[in-house]
There are 2 protein chains.
Amino acid sequence: MKSSLVAIEPNGHFCKECSIREFSVCASLDAAELREFEHLGRRVHFTAGETVFSEEDVTTSFCNLLEGVMRLYKLLPDGRRQILGFALPGDFLGMNVSGRHNFSADAIGAVTVCQFAKAAFGRFMEARPHLLRRINELAVRELSQARDHMVLLGRRSAEEKVATFLLGWREQLIPLNGPSNTVPLPMSRQDIADYLGLTIETVSRTFTRLERVGVIEIIHGGISLLDPARAEALAAA
Amino acid sequence: MKSSLVAIEPNGHFCKECSIREFSVCASLDAAELREFEHLGRRVHFTAGETVFSEEDVTTSFCNLLEGVMRLYKLLPDGRRQILGFALPGDFLGMNVSGRHNFSADAIGAVTVCQFAKAAFGRFMEARPHLLRRINELAVRELSQARDHMVLLGRRSAEEKVATFLLGWREQLIPLNGPSNTVPLPMSRQDIADYLGLTIETVSRTFTRLERVGVIEIIHGGISLLDPARAEALAAA
DNA sequence: CTGCAAAATTGATCTGGGTCAACTGGGTTT
DNA sequence: AAACCCAGTTGACCCAGATCAATTTTGCAG
(Lines give C-alpha, C1' and ligand atoms only; values in the text may rest on other atoms or scores of the structure.)
Protein backbone atom coordinates (compact mmCIF):
# COMPACT_ATOMS: atom_id res chain seq x y z
CA MET A 1 0.00 0.00 0.00
CA LYS A 2 2.76 2.44 0.88
CA SER A 3 4.26 4.32 -2.08
CA SER A 4 7.67 2.70 -2.43
CA LEU A 5 9.04 3.02 -5.92
CA VAL A 6 7.64 5.95 -7.79
CA ALA A 7 8.49 6.92 -11.35
CA ILE A 8 9.32 10.58 -11.81
CA GLU A 9 9.57 11.79 -15.36
CA PRO A 10 12.36 14.17 -16.34
CA ASN A 11 10.92 17.59 -16.70
CA GLY A 12 10.18 17.56 -20.41
CA HIS A 13 6.50 18.31 -20.03
CA PHE A 14 4.52 21.15 -21.55
CA CYS A 15 1.37 22.53 -19.95
CA LYS A 16 -0.09 23.71 -23.20
CA GLU A 17 -0.45 20.09 -24.33
CA CYS A 18 -1.85 18.96 -20.99
CA SER A 19 -5.16 17.16 -21.29
CA ILE A 20 -6.68 18.69 -18.19
CA ARG A 21 -5.45 22.25 -18.60
CA GLU A 22 -8.88 23.70 -19.31
CA PHE A 23 -10.55 22.03 -16.30
CA SER A 24 -8.11 22.56 -13.53
CA VAL A 25 -6.49 25.39 -11.62
CA CYS A 26 -4.29 26.02 -14.61
CA ALA A 27 -7.32 27.25 -16.53
CA SER A 28 -6.79 30.62 -14.85
CA LEU A 29 -3.30 31.12 -16.27
CA ASP A 30 -2.36 32.87 -19.52
CA ALA A 31 0.24 31.63 -22.03
CA ALA A 32 3.17 33.49 -20.45
CA GLU A 33 2.28 32.29 -16.96
CA LEU A 34 1.88 28.72 -18.20
CA ARG A 35 5.43 28.77 -19.53
CA GLU A 36 6.72 29.69 -16.08
CA PHE A 37 4.27 27.35 -14.38
CA GLU A 38 5.37 24.27 -16.27
CA HIS A 39 8.78 24.41 -14.62
CA LEU A 40 7.15 24.05 -11.21
CA GLY A 41 5.30 20.81 -11.81
CA ARG A 42 6.64 17.34 -12.38
CA ARG A 43 4.68 14.28 -13.41
CA VAL A 44 4.63 11.40 -10.99
CA HIS A 45 3.11 7.96 -11.57
CA PHE A 46 1.47 5.65 -9.06
CA THR A 47 0.21 2.11 -9.47
CA ALA A 48 -3.03 0.58 -8.21
CA GLY A 49 -3.39 0.75 -4.45
CA GLU A 50 -0.41 3.02 -3.82
CA THR A 51 -0.82 5.83 -1.33
CA VAL A 52 -0.15 9.28 -2.80
CA PHE A 53 -0.22 11.02 0.58
CA SER A 54 -1.44 10.23 4.08
CA GLU A 55 -3.44 12.11 6.63
CA GLU A 56 -1.24 13.94 9.12
CA ASP A 57 1.73 13.93 6.72
CA VAL A 58 3.34 17.34 6.50
CA THR A 59 2.22 18.90 3.23
CA THR A 60 5.30 19.39 1.09
CA SER A 61 3.51 19.50 -2.24
CA PHE A 62 0.18 20.04 -3.93
CA CYS A 63 -0.91 17.95 -6.83
CA ASN A 64 -3.15 18.01 -9.78
CA LEU A 65 -4.60 14.69 -10.86
CA LEU A 66 -3.84 14.08 -14.55
CA GLU A 67 -4.91 10.50 -15.18
CA GLY A 68 -6.73 7.83 -13.19
CA VAL A 69 -8.99 7.84 -10.16
CA MET A 70 -8.11 8.28 -6.51
CA ARG A 71 -9.98 7.62 -3.29
CA LEU A 72 -9.77 10.29 -0.59
CA TYR A 73 -10.46 9.03 2.90
CA LYS A 74 -10.04 9.29 6.62
CA LEU A 75 -9.49 6.45 9.08
CA LEU A 76 -10.60 6.14 12.69
CA PRO A 77 -8.02 4.72 15.13
CA ASP A 78 -9.76 1.33 15.06
CA GLY A 79 -9.59 1.11 11.27
CA ARG A 80 -13.09 2.22 10.30
CA ARG A 81 -12.79 4.16 7.08
CA GLN A 82 -14.85 6.97 5.61
CA ILE A 83 -14.22 7.76 1.97
CA LEU A 84 -14.74 11.49 1.45
CA GLY A 85 -14.85 11.34 -2.30
CA PHE A 86 -13.26 10.07 -5.48
CA ALA A 87 -10.87 12.36 -7.33
CA LEU A 88 -10.83 12.53 -11.12
CA PRO A 89 -8.45 14.16 -13.62
CA GLY A 90 -8.44 17.90 -13.11
CA ASP A 91 -8.91 17.75 -9.35
CA PHE A 92 -6.47 19.77 -7.30
CA LEU A 93 -5.39 18.22 -4.00
CA GLY A 94 -3.48 19.32 -0.96
CA MET A 95 -4.90 22.67 0.16
CA ASN A 96 -5.01 22.91 3.93
CA VAL A 97 -4.50 25.43 6.64
CA SER A 98 -2.60 23.41 9.23
CA GLY A 99 0.38 22.48 7.07
CA ARG A 100 -0.65 18.84 7.22
CA HIS A 101 -2.90 16.84 4.95
CA ASN A 102 -6.23 16.25 6.56
CA PHE A 103 -7.05 13.11 4.64
CA SER A 104 -5.29 10.29 2.82
CA ALA A 105 -5.31 9.58 -0.89
CA ASP A 106 -4.77 6.26 -2.70
CA ALA A 107 -4.54 5.47 -6.38
CA ILE A 108 -7.39 3.30 -7.68
CA GLY A 109 -5.75 1.77 -10.71
CA ALA A 110 -2.82 3.57 -12.37
CA VAL A 111 -2.58 7.28 -11.65
CA THR A 112 -0.53 10.19 -12.92
CA VAL A 113 -0.32 13.44 -11.00
CA CYS A 114 1.34 16.77 -11.63
CA GLN A 115 3.16 17.58 -8.41
CA PHE A 116 4.16 21.07 -7.21
CA ALA A 117 6.48 21.86 -4.34
CA LYS A 118 4.39 23.74 -1.82
CA ALA A 119 6.82 26.62 -1.34
CA ALA A 120 7.39 27.28 -5.05
CA PHE A 121 3.68 27.04 -5.77
CA GLY A 122 2.93 29.42 -2.91
CA ARG A 123 5.45 31.95 -4.25
CA PHE A 124 4.00 31.68 -7.75
CA MET A 125 0.47 32.22 -6.44
CA GLU A 126 1.52 35.12 -4.22
CA ALA A 127 1.68 37.47 -7.20
CA ARG A 128 -1.33 36.06 -9.04
CA PRO A 129 -4.65 36.75 -7.37
CA HIS A 130 -6.55 35.19 -10.29
CA LEU A 131 -4.95 31.83 -9.46
CA LEU A 132 -5.94 32.26 -5.83
CA ARG A 133 -9.45 33.16 -6.96
CA ARG A 134 -9.58 29.98 -9.02
CA ILE A 135 -8.41 27.89 -6.11
CA ASN A 136 -10.96 29.52 -3.86
CA GLU A 137 -13.66 28.74 -6.39
CA LEU A 138 -12.65 25.08 -6.35
CA ALA A 139 -12.64 25.03 -2.54
CA VAL A 140 -16.11 26.55 -2.38
CA ARG A 141 -17.41 24.05 -4.93
CA GLU A 142 -15.89 21.23 -2.92
CA LEU A 143 -17.55 22.58 0.21
CA SER A 144 -20.89 22.45 -1.51
CA GLN A 145 -20.31 18.81 -2.47
CA ALA A 146 -19.23 18.02 1.08
CA ARG A 147 -22.52 19.47 2.36
CA ASP A 148 -24.54 17.36 -0.03
CA HIS A 149 -22.64 14.33 1.14
CA MET A 150 -23.36 15.14 4.79
CA VAL A 151 -27.08 15.06 3.99
CA LEU A 152 -26.63 11.71 2.28
CA LEU A 153 -24.67 10.21 5.17
CA GLY A 154 -26.90 11.55 7.91
CA ARG A 155 -30.38 11.32 6.49
CA ARG A 156 -30.72 8.95 3.53
CA SER A 157 -31.62 5.25 3.42
CA ALA A 158 -29.34 2.63 1.89
CA GLU A 159 -31.30 2.56 -1.36
CA GLU A 160 -31.31 6.36 -1.63
CA LYS A 161 -27.59 6.40 -0.94
CA VAL A 162 -26.76 3.92 -3.69
CA ALA A 163 -29.06 5.56 -6.25
CA THR A 164 -27.68 9.01 -5.40
CA PHE A 165 -24.14 7.71 -5.72
CA LEU A 166 -24.71 6.18 -9.16
CA LEU A 167 -26.34 9.34 -10.49
CA GLY A 168 -23.72 11.59 -8.94
CA TRP A 169 -20.83 9.52 -10.24
CA ARG A 170 -22.33 9.47 -13.73
CA GLU A 171 -22.59 13.27 -13.49
CA GLN A 172 -18.99 13.58 -12.32
CA LEU A 173 -17.80 11.62 -15.35
CA ILE A 174 -19.53 13.84 -17.91
CA PRO A 175 -16.70 16.38 -18.29
CA LEU A 176 -14.32 13.47 -18.97
CA ASN A 177 -16.32 11.04 -21.11
CA GLY A 178 -19.40 12.94 -22.11
CA PRO A 179 -22.89 11.94 -20.97
CA SER A 180 -23.59 8.22 -20.97
CA ASN A 181 -25.82 5.69 -19.24
CA THR A 182 -22.97 3.21 -19.12
CA VAL A 183 -21.27 4.05 -15.86
CA PRO A 184 -17.82 2.55 -15.19
CA LEU A 185 -17.12 1.83 -11.51
CA PRO A 186 -13.34 1.58 -11.10
CA MET A 187 -13.65 1.44 -7.31
CA SER A 188 -14.47 -1.70 -5.34
CA ARG A 189 -17.73 -2.44 -3.55
CA GLN A 190 -15.86 -1.85 -0.30
CA ASP A 191 -14.89 1.63 -1.51
CA ILE A 192 -18.50 2.37 -2.39
CA ALA A 193 -19.64 1.11 1.01
CA ASP A 194 -17.09 3.29 2.81
CA TYR A 195 -18.16 6.27 0.74
CA LEU A 196 -21.85 5.78 1.56
CA GLY A 197 -21.50 4.81 5.21
CA LEU A 198 -22.77 1.28 4.56
CA THR A 199 -21.31 -2.25 4.56
CA ILE A 200 -20.19 -4.08 1.46
CA GLU A 201 -23.08 -6.56 1.85
CA THR A 202 -25.70 -3.83 1.89
CA VAL A 203 -24.19 -2.23 -1.20
CA SER A 204 -24.16 -5.57 -2.99
CA ARG A 205 -27.74 -6.39 -2.03
CA THR A 206 -28.93 -2.94 -3.08
CA PHE A 207 -27.23 -3.29 -6.47
CA THR A 208 -28.94 -6.64 -7.00
CA ARG A 209 -32.31 -5.20 -5.95
CA LEU A 210 -31.92 -2.25 -8.31
CA GLU A 211 -31.08 -4.69 -11.07
CA ARG A 212 -34.05 -6.94 -10.25
CA VAL A 213 -36.47 -4.02 -10.56
CA GLY A 214 -34.93 -2.99 -13.87
CA VAL A 215 -33.32 0.31 -12.83
CA ILE A 216 -29.77 -0.77 -13.61
CA GLU A 217 -27.91 -3.65 -15.17
CA ILE A 218 -24.74 -4.83 -13.48
CA ILE A 219 -22.03 -5.20 -16.12
CA HIS A 220 -18.36 -6.03 -15.93
CA GLY A 221 -16.54 -3.07 -14.36
CA GLY A 222 -19.60 -0.96 -13.82
CA ILE A 223 -23.32 -0.63 -14.32
CA SER A 224 -25.65 0.40 -17.06
CA LEU A 225 -28.35 2.85 -16.05
CA LEU A 226 -31.50 1.46 -17.67
CA ASP A 227 -34.06 3.76 -16.09
CA PRO A 228 -32.51 7.11 -15.07
CA ALA A 229 -35.89 8.65 -14.20
CA ARG A 230 -36.70 5.84 -11.81
CA ALA A 231 -33.22 6.14 -10.31
CA GLU A 232 -33.76 9.87 -9.70
CA ALA A 233 -37.00 9.02 -7.91
CA LEU A 234 -35.28 6.42 -5.71
CA ALA A 235 -32.54 8.92 -4.91
CA ALA A 236 -35.15 11.27 -3.42
CA ALA A 237 -33.24 14.16 -4.93
CA MET B 1 -40.24 30.85 11.00
CA LYS B 2 -39.98 33.09 7.94
CA SER B 3 -38.11 36.33 8.49
CA SER B 4 -40.89 38.91 8.44
CA LEU B 5 -39.99 42.06 10.32
CA VAL B 6 -36.31 42.69 10.58
CA ALA B 7 -34.67 45.58 12.36
CA ILE B 8 -31.96 47.36 10.37
CA GLU B 9 -29.83 49.81 12.26
CA PRO B 10 -28.86 53.12 10.71
CA ASN B 11 -25.30 52.91 9.62
CA GLY B 12 -23.64 54.38 12.65
CA HIS B 13 -21.36 51.47 13.30
CA PHE B 14 -17.62 51.39 13.56
CA CYS B 15 -15.57 48.32 12.74
CA LYS B 16 -12.77 49.19 15.04
CA GLU B 17 -15.07 48.73 18.02
CA CYS B 18 -16.52 45.52 16.68
CA SER B 19 -16.27 42.60 19.08
CA ILE B 20 -15.43 40.03 16.46
CA ARG B 21 -13.02 42.03 14.36
CA GLU B 22 -9.96 40.02 15.30
CA PHE B 23 -11.59 36.64 14.60
CA SER B 24 -13.35 37.18 11.34
CA VAL B 25 -12.55 38.07 7.75
CA CYS B 26 -12.01 41.64 8.86
CA ALA B 27 -8.88 40.55 10.70
CA SER B 28 -7.06 40.81 7.37
CA LEU B 29 -7.82 44.52 6.91
CA ASP B 30 -5.69 47.46 8.03
CA ALA B 31 -7.01 50.63 9.68
CA ALA B 32 -7.53 52.53 6.41
CA GLU B 33 -9.32 49.62 4.79
CA LEU B 34 -11.51 49.17 7.83
CA ARG B 35 -12.70 52.76 7.53
CA GLU B 36 -13.82 52.08 3.97
CA PHE B 37 -15.13 48.66 4.86
CA GLU B 38 -17.42 49.87 7.60
CA HIS B 39 -19.55 51.73 5.06
CA LEU B 40 -20.31 48.45 3.29
CA GLY B 41 -21.80 46.56 6.19
CA ARG B 42 -25.01 47.14 8.07
CA ARG B 43 -26.15 45.46 11.24
CA VAL B 44 -29.31 43.41 11.01
CA HIS B 45 -31.11 41.73 13.91
CA PHE B 46 -33.09 38.50 13.91
CA THR B 47 -35.16 36.93 16.65
CA ALA B 48 -35.28 33.27 17.73
CA GLY B 49 -36.35 30.94 14.95
CA GLU B 50 -36.18 33.49 12.13
CA THR B 51 -34.63 32.41 8.86
CA VAL B 52 -31.68 34.55 7.80
CA PHE B 53 -31.48 33.01 4.33
CA SER B 54 -32.79 29.92 2.60
CA GLU B 55 -31.24 27.33 0.35
CA GLU B 56 -31.74 28.13 -3.33
CA ASP B 57 -32.28 31.83 -2.59
CA VAL B 58 -30.26 34.03 -4.90
CA THR B 59 -27.30 35.30 -2.90
CA THR B 60 -27.60 39.06 -2.68
CA SER B 61 -25.46 39.50 0.39
CA PHE B 62 -22.82 37.90 2.57
CA CYS B 63 -22.92 38.17 6.27
CA ASN B 64 -20.73 38.04 9.27
CA LEU B 65 -22.29 36.71 12.44
CA LEU B 66 -21.80 39.24 15.26
CA GLU B 67 -23.92 37.91 18.11
CA GLY B 68 -25.89 34.75 18.76
CA VAL B 69 -25.91 31.25 17.31
CA MET B 70 -27.29 30.03 14.00
CA ARG B 71 -28.10 26.59 12.65
CA LEU B 72 -27.05 25.88 9.06
CA TYR B 73 -28.99 23.08 7.41
CA LYS B 74 -30.33 21.42 4.32
CA LEU B 75 -33.75 19.84 3.88
CA LEU B 76 -34.77 16.88 1.75
CA PRO B 77 -38.02 17.24 -0.21
CA ASP B 78 -39.87 15.12 2.36
CA GLY B 79 -38.75 17.29 5.25
CA ARG B 80 -35.83 15.29 6.61
CA ARG B 81 -33.26 17.77 7.85
CA GLN B 82 -29.50 17.60 8.13
CA ILE B 83 -27.85 20.32 10.18
CA LEU B 84 -24.43 21.05 8.67
CA GLY B 85 -23.15 23.00 11.60
CA PHE B 86 -23.78 25.76 14.11
CA ALA B 87 -22.42 29.21 13.36
CA LEU B 88 -20.93 31.39 16.08
CA PRO B 89 -19.87 35.05 16.19
CA GLY B 90 -17.04 35.63 13.73
CA ASP B 91 -18.32 33.13 11.16
CA PHE B 92 -18.63 34.42 7.62
CA LEU B 93 -21.57 33.08 5.63
CA GLY B 94 -22.71 33.19 2.05
CA MET B 95 -19.76 32.19 -0.12
CA ASN B 96 -20.87 30.06 -3.04
CA VAL B 97 -20.09 29.53 -6.66
CA SER B 98 -23.55 29.16 -8.16
CA GLY B 99 -24.95 32.53 -7.13
CA ARG B 100 -27.41 30.77 -4.82
CA HIS B 101 -27.11 29.80 -1.19
CA ASN B 102 -26.57 26.10 -0.88
CA PHE B 103 -27.98 25.79 2.60
CA SER B 104 -30.42 27.56 4.90
CA ALA B 105 -29.65 29.45 8.07
CA ASP B 106 -31.90 30.12 11.08
CA ALA B 107 -31.31 32.17 14.17
CA ILE B 108 -31.20 30.12 17.40
CA GLY B 109 -32.12 32.78 19.92
CA ALA B 110 -31.49 36.45 19.11
CA VAL B 111 -28.90 37.08 16.43
CA THR B 112 -27.08 40.09 15.01
CA VAL B 113 -25.29 39.93 11.69
CA CYS B 114 -23.18 42.37 9.72
CA GLN B 115 -24.59 42.23 6.21
CA PHE B 116 -22.71 43.15 3.01
CA ALA B 117 -24.22 43.60 -0.43
CA LYS B 118 -22.62 40.94 -2.59
CA ALA B 119 -21.67 43.29 -5.43
CA ALA B 120 -20.08 45.94 -3.23
CA PHE B 121 -18.22 43.34 -1.22
CA GLY B 122 -17.01 41.71 -4.41
CA ARG B 123 -15.71 45.03 -5.70
CA PHE B 124 -13.97 45.76 -2.42
CA MET B 125 -12.32 42.34 -2.41
CA GLU B 126 -11.27 42.61 -6.07
CA ALA B 127 -8.41 44.92 -5.21
CA ARG B 128 -7.45 43.22 -1.97
CA PRO B 129 -5.90 39.79 -2.40
CA HIS B 130 -5.18 39.54 1.32
CA LEU B 131 -8.93 39.60 2.00
CA LEU B 132 -9.42 36.88 -0.60
CA ARG B 133 -6.63 34.90 1.02
CA ARG B 134 -8.34 35.24 4.38
CA ILE B 135 -11.65 34.07 2.93
CA ASN B 136 -9.91 31.15 1.26
CA GLU B 137 -8.33 30.23 4.54
CA LEU B 138 -11.75 30.18 6.20
CA ALA B 139 -13.18 28.06 3.36
CA VAL B 140 -10.35 25.54 3.66
CA ARG B 141 -10.80 25.35 7.42
CA GLU B 142 -14.52 24.81 6.94
CA LEU B 143 -13.78 22.03 4.45
CA SER B 144 -11.65 20.31 7.01
CA GLN B 145 -14.49 20.46 9.54
CA ALA B 146 -16.92 19.17 6.94
CA ARG B 147 -14.66 16.17 6.35
CA ASP B 148 -14.50 15.41 10.05
CA HIS B 149 -18.25 15.57 10.19
CA MET B 150 -18.58 13.15 7.27
CA VAL B 151 -16.56 10.62 9.24
CA LEU B 152 -18.82 11.15 12.23
CA LEU B 153 -22.02 10.76 10.20
CA GLY B 154 -20.88 7.76 8.22
CA ARG B 155 -18.86 5.74 10.67
CA ARG B 156 -19.54 6.56 14.31
CA SER B 157 -22.01 5.06 16.78
CA ALA B 158 -24.65 7.13 18.57
CA GLU B 159 -22.60 7.35 21.75
CA GLU B 160 -19.46 8.36 19.84
CA LYS B 161 -21.45 10.96 17.95
CA VAL B 162 -22.84 12.58 21.09
CA ALA B 163 -19.51 12.54 22.92
CA THR B 164 -17.73 13.96 19.86
CA PHE B 165 -20.34 16.67 19.55
CA LEU B 166 -20.05 17.77 23.17
CA LEU B 167 -16.26 17.93 23.00
CA GLY B 168 -16.30 19.68 19.63
CA TRP B 169 -18.87 22.23 20.71
CA ARG B 170 -16.93 22.97 23.90
CA GLU B 171 -13.86 23.48 21.70
CA GLN B 172 -15.75 25.79 19.35
CA LEU B 173 -16.79 27.96 22.27
CA ILE B 174 -13.27 28.51 23.61
CA PRO B 175 -12.46 31.58 21.45
CA LEU B 176 -15.69 33.19 22.72
CA ASN B 177 -15.87 32.22 26.38
CA GLY B 178 -12.51 30.76 27.17
CA PRO B 179 -12.05 27.11 28.14
CA SER B 180 -14.67 25.70 30.46
CA ASN B 181 -16.24 22.37 31.37
CA THR B 182 -19.63 24.04 31.63
CA VAL B 183 -20.97 23.77 28.11
CA PRO B 184 -24.06 25.80 27.19
CA LEU B 185 -26.31 24.15 24.60
CA PRO B 186 -28.49 26.88 23.07
CA MET B 187 -29.81 24.49 20.42
CA SER B 188 -32.67 22.04 21.00
CA ARG B 189 -32.34 18.25 21.27
CA GLN B 190 -33.94 18.07 17.83
CA ASP B 191 -31.18 20.32 16.44
CA ILE B 192 -28.53 18.10 18.00
CA ALA B 193 -30.22 15.00 16.56
CA ASP B 194 -30.36 16.53 13.08
CA TYR B 195 -26.71 17.52 13.36
CA LEU B 196 -25.63 14.01 14.36
CA GLY B 197 -27.89 12.02 12.03
CA LEU B 198 -29.86 10.58 14.95
CA THR B 199 -33.36 10.92 16.39
CA ILE B 200 -34.26 13.12 19.30
CA GLU B 201 -35.00 10.06 21.45
CA THR B 202 -31.56 8.57 20.86
CA VAL B 203 -29.89 11.87 21.74
CA SER B 204 -31.94 12.15 24.91
CA ARG B 205 -31.23 8.57 25.96
CA THR B 206 -27.52 8.96 25.24
CA PHE B 207 -27.38 12.13 27.36
CA THR B 208 -29.05 10.32 30.23
CA ARG B 209 -26.70 7.37 29.87
CA LEU B 210 -23.63 9.64 29.86
CA GLU B 211 -24.99 11.33 32.97
CA ARG B 212 -25.67 8.00 34.68
CA VAL B 213 -22.05 6.87 34.18
CA GLY B 214 -20.77 10.20 35.50
CA VAL B 215 -19.26 11.62 32.31
CA ILE B 216 -21.56 14.65 32.21
CA GLU B 217 -24.16 16.35 34.30
CA ILE B 218 -27.24 17.67 32.55
CA ILE B 219 -27.84 21.21 33.75
CA HIS B 220 -30.25 23.93 32.81
CA GLY B 221 -29.48 25.10 29.26
CA GLY B 222 -26.51 22.83 28.76
CA ILE B 223 -24.28 20.23 30.32
CA SER B 224 -21.34 20.11 32.63
CA LEU B 225 -18.46 17.96 31.51
CA LEU B 226 -17.46 16.03 34.63
CA ASP B 227 -14.98 13.62 33.07
CA PRO B 228 -13.40 15.05 29.90
CA ALA B 229 -10.87 12.23 29.60
CA ARG B 230 -13.60 9.62 29.70
CA ALA B 231 -15.56 11.61 27.14
CA GLU B 232 -12.55 11.69 24.80
CA ALA B 233 -12.32 7.93 25.11
CA LEU B 234 -16.01 7.47 24.29
CA ALA B 235 -15.63 9.79 21.29
CA ALA B 236 -13.02 7.43 19.84
CA ALA B 237 -11.11 10.45 18.64
C1' DC C 1 -50.71 30.96 40.98
C1' DT C 2 -53.23 28.29 36.86
C1' DG C 3 -53.45 26.40 32.45
C1' DC C 4 -51.55 25.27 28.28
C1' DA C 5 -48.15 24.18 24.74
C1' DA C 6 -43.72 22.85 23.50
C1' DA C 7 -39.58 20.32 24.75
C1' DA C 8 -37.56 16.54 26.85
C1' DT C 9 -37.52 12.07 28.85
C1' DT C 10 -38.69 7.30 29.28
C1' DG C 11 -40.62 2.79 28.00
C1' DA C 12 -42.13 -0.83 24.68
C1' DT C 13 -41.62 -2.57 20.34
C1' DC C 14 -40.03 -2.88 15.55
C1' DT C 15 -36.87 -2.96 11.67
C1' DG C 16 -33.14 -1.50 8.35
C1' DG C 17 -28.99 -2.52 7.91
C1' DG C 18 -25.11 -4.87 10.29
C1' DT C 19 -22.78 -9.31 11.33
C1' DC C 20 -21.39 -13.84 10.41
C1' DA C 21 -20.90 -17.43 7.34
C1' DA C 22 -21.20 -19.97 3.18
C1' DC C 23 -20.88 -19.96 -1.66
C1' DT C 24 -19.76 -18.37 -6.56
C1' DG C 25 -17.05 -17.09 -10.33
C1' DG C 26 -13.43 -14.75 -12.85
C1' DG C 27 -8.48 -14.24 -12.96
C1' DT C 28 -3.74 -15.69 -11.96
C1' DT C 29 -0.11 -19.00 -10.76
C1' DT C 30 2.03 -23.18 -11.26
C1' DA D 1 -6.09 -27.75 -16.04
C1' DA D 2 -5.77 -27.90 -11.19
C1' DA D 3 -5.24 -25.08 -7.27
C1' DC D 4 -5.84 -20.90 -5.38
C1' DC D 5 -7.29 -16.23 -4.45
C1' DC D 6 -10.08 -12.55 -3.79
C1' DA D 7 -14.00 -9.68 -4.95
C1' DG D 8 -18.59 -10.13 -4.98
C1' DT D 9 -23.06 -12.26 -3.87
C1' DT D 10 -26.45 -14.48 -1.02
C1' DG D 11 -28.67 -16.31 3.17
C1' DA D 12 -29.69 -16.52 8.23
C1' DC D 13 -29.75 -14.11 12.19
C1' DC D 14 -29.04 -10.10 15.29
C1' DC D 15 -28.98 -5.57 17.31
C1' DA D 16 -28.41 -0.39 17.48
C1' DG D 17 -31.15 2.87 16.79
C1' DA D 18 -35.81 4.12 14.86
C1' DT D 19 -40.64 4.33 15.73
C1' DC D 20 -44.66 4.70 18.48
C1' DA D 21 -46.66 6.02 22.69
C1' DA D 22 -47.01 7.83 27.16
C1' DT D 23 -45.44 10.72 30.75
C1' DT D 24 -42.82 14.48 32.86
C1' DT D 25 -40.71 18.90 32.79
C1' DT D 26 -40.21 23.57 31.39
C1' DG D 27 -41.58 27.99 29.76
C1' DC D 28 -44.99 31.42 29.53
C1' DA D 29 -49.36 34.05 29.05
C1' DG D 30 -53.19 35.33 31.53
Side-chain angles (χ1 to χ4, degrees), chain A residues 1 47-49 71 76 78-83 106 108-109 152-166 184-213 216-223 234 236, chain B residues 1 47-49 71 76 78-83 106 108-110 152-166 184-212 216-223 234 236:
Chain A
M1 282 291 164
T47 62
R71 57 174 165 257
L76 289 177
D78 63 3
R80 280 174 287 177
R81 184 176 70 161
Q82 176 65 45
I83 291 189
D106 291 348
I108 296 180
L152 177 141
L153 290 171
R155 287 297 179 224
R156 296 177 114 102
S157 70
E159 190 169 77
E160 289 168 348
K161 283 176 175 181
V162 171
T164 306
F165 163 67
L166 292 175
L185 297 174
M187 69 292 283
S188 70
R189 294 288 191 268
Q190 185 64 65
D191 287 341
I192 298 174
D194 287 348
Y195 180 58
L196 300 177
L198 298 171
T199 59
I200 187 175
E201 293 94 332
T202 300
V203 171
S204 185
R205 277 187 254 271
T206 308
F207 270 57
T208 336
R209 196 172 334 121
L210 290 180
E211 182 169 52
R212 213 159 34 226
V213 299
I216 64 171
E217 192 193 347
I218 300 171
I219 58 179
H220 182 79
I223 60 110
L234 291 175
Chain B
M1 281 289 168
T47 62
R71 60 175 161 254
L76 289 177
D78 63 2
R80 281 174 288 176
R81 183 177 69 161
Q82 176 65 45
I83 290 188
D106 292 346
I108 295 179
L152 177 141
L153 290 171
R155 287 296 180 226
R156 295 179 116 104
S157 70
E159 190 169 79
E160 288 169 348
K161 284 175 173 182
V162 171
T164 306
F165 163 68
L166 292 175
L185 297 174
M187 70 292 284
S188 70
R189 294 290 190 265
Q190 185 63 64
D191 288 341
I192 297 173
D194 287 347
Y195 180 58
L196 300 177
L198 297 171
T199 58
I200 187 176
E201 293 94 333
T202 301
V203 171
S204 185
R205 276 188 253 271
T206 308
F207 269 59
T208 337
R209 194 169 340 117
L210 290 180
E211 182 169 52
R212 211 156 38 220
I216 64 170
E217 192 192 348
I218 299 169
I219 56 178
H220 181 80
I223 60 109
L234 292 175

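By convention in this document, chain letters (A, B, ...) are assigned in the order of the sequence lines, proteins followed by strands, and residues within each chain are numbered from 1. Heavy-atom basis, side chains included; hydrogens, waters and symmetry copies ignored.
- Judged by distance alone, the side chain of Thr164(A) and the main-chain N or O of Glu160(A) form a donor-acceptor pair under 3.5 Å.
- Nucleotide dG8(D) holds its P atom 15 Å from the CD atom of Glu211(A), rounded to whole Å.
- Between the side chain of Arg156(A) and the main chain of Ala236(A), a donor-acceptor pair closer than 3.5 Å is present.
- Among the protein residues, Ser204(B) comes within range of the nucleic acid bases, having at least one heavy atom under 4.0 Å from a base atom.
- For Ala48(A), there are no side-chain contact (heavy atoms from CB on, under 4.5 Å) partners, not counting sequence neighbours.
- Distances shorter than 4.0 Å separate none of the side-chain N or O atoms of His220(B) from OP1 or OP2 on dT25(D).
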What string of B, S and - do you get for nucleotides 17-23 of chain C, 5' to 3', when a contact is any protein heavy atom under 4.0 Å? SSBB---
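- Whole-Å rounding puts the Leu185(A) CG to dA7(D) P distance at 16 Å.
- Looking at Arg155(B), its side chain does come within 3.5 Å of a backbone N or O of Leu198(A) through a donor-acceptor pair.
- Looking at Gln82(A), its side chain does come within 3.5 Å of a backbone N or O of Asp194(A) through a donor-acceptor pair.
- Closest approach to the Thr208(B) side chain among dG27(D), dG8(D), dT10(C) is made by dT10(C) (side chain taken as heavy atoms from C-beta onward).
- Rounded to a whole Å, the CD1 atom of Ile216(A) is 14 Å from the C1' atom of dG8(D).
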